[in-house]
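If you read the sequence from its start, that first residue is 1, and numbering goes on from there.
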Amino acid sequence: MEEIRRFSCVTGLKANPQKCKVYFGGVNTEVKNDIMAITGFSAGTFPFKYLRVPITSRKLHIALYQPLIDKIVQRMSSWTTSLLSYADIRLLIQSDFFWCNKGDISRKSLIAWESICEPRNARGLNLVELNYWNKATIIKLLWNLQAKSDKLWVIWMHTYYLKGNEVTNWHMPSSCSWIMRKMLSYREELEHSDYWQSAIQDGSYKTKHMYNNL
C-alpha cells in the first residue's frame, strides 16, 4: 500500500477500494485473503473488460474484440467515405485512418495498394505500407530487448529467458509465449538491415528509419 500511496502523491490519483479489484494467479487462499485485507480491494475474476476489450490470461481470439472493431468501423464509415473527396480520404490515410466504406461496389478503376504506397517520384501517393510499418514497430520491441536495460519488462525477459544472450542469436525455447515467438520471427529481417546496427550503436531507434530501411 505504500507504493499505491506514493503513486497517489505523485499523480494526484487515488485508488477507490469500492471500484478496484485484485486479480490472482497461483496464490493460496491465505495470501489472497491477506492481500485483500491490506488493500481493501475485492478479488476479480477473468475475463474482465478494459476499454471494452476483454482481458484474459489466454490469447485473445477475434470473436472477443470483434464487437469493438465493428463499432469503430461503423462509426468511421459514416463520415470517412460518404462526404469526402479522394484527396480528403488520402489525407486521412496519411493520418493513420483506415480507408473503408459501406461495402458498396465501386466502378472506378482499382489501383494496387503497393503502387500508391510508392514515393511521389515513383508516381505513388507516398502512403504508409502497413505490413512494413508493423514489422518496424515489432522490431522496435527487439531493439528494446537488446538496448533498453532500464525497462521493467526487459529486465524480466533477460532474467527468465535471455539470461545475458543477444536477441539475434538467442535460441528460443518451445515454452515461449506467442507474443515472444512473433517478435523473434522478425530476426531474419535484421540480417538485411543496415539501420539495425546503427540503432544499436547510437542507442536510439526510430520506427520511421527502420520502415524506410525495410
*Rounded distance (nearest 0.5 Å) linking atom NZ of Lys140 with atom OH of Tyr205*: 8.0 Å
*For Tyr211 and Glu129, indicate whether the former's side chain and the latter's backbone hold a donor-acceptor pair under 3.5 Å.*
yes
_Could you tell me if the side chain of Ile35 sits less than 4.5 Å from the side chain of Phe41, heavy atoms only?_
no
*To the nearest 0.5 Å, what is the distance between CH2 (Trp178) and OG (Ser185)?*
11.0 Å
*Could you give the distance from CG (Leu214) to CD1 (Ile139), rounded to the nearest 0.5 Å?*
5.0 Å
_I need the His209 NE2 to Ser193 OG distance, nearest 0.5 Å._
12.0 Å
*So, Glu189 and Lys135, do they make that salt bridge, N to O below 4.0 Å?*
yes
*For Glu30, does its backbone N or O pair with a side-chain atom of Asn28 as donor and acceptor, under 3.5 Å?*
yes
_Looking at Ser8 and Leu13, would you say the former's side chain and the latter's main chain have a donor-acceptor pair under 3.5 Å?_
yes
*Between atom CG of Leu184 and atom CG of Leu145, what is the distance when rounded to the nearest 0.5 Å?*
7.5 Å
*Is there a donor-acceptor pair closer than 3.5 Å between any side-chain N or O of Tyr195 and the backbone N or O of Lys206?*
yes
*Please answer whether the main-chain N or O of Thr29 pairs with a side-chain N or O of Asn33 as donor and acceptor at a distance below 3.5 Å.*
yes
*When you measure from the side chain of Asn169 to the backbone N and O of Asn165, does any donor-acceptor pair fall under 3.5 Å?*
no
*Whether Arg120 side chain and Asn126 backbone form a donor-acceptor pair below 3.5 Å*: no
*Would the Trp156 and Tyr161 ring centres measure less than 6.0 Å apart?*
yes
*With a 4.5 Å heavy-atom cut-off, do Ile155 and Lys151 have their side chains touching?*
no
*Interatomic distance, Met210 atom CE to Tyr132 atom OH [nearest 0.5 angstrom]*: 13.5 Å
*asked:* In the structure I gave you, are the side-chain heavy atoms of Glu118 and Arg123 within less than 4.5 Å of one another anywhere?
replied: no
*Between Trp143 (side chain) and Ala199 (backbone), is there a donor-acceptor pair under 3.5 Å?*
yes
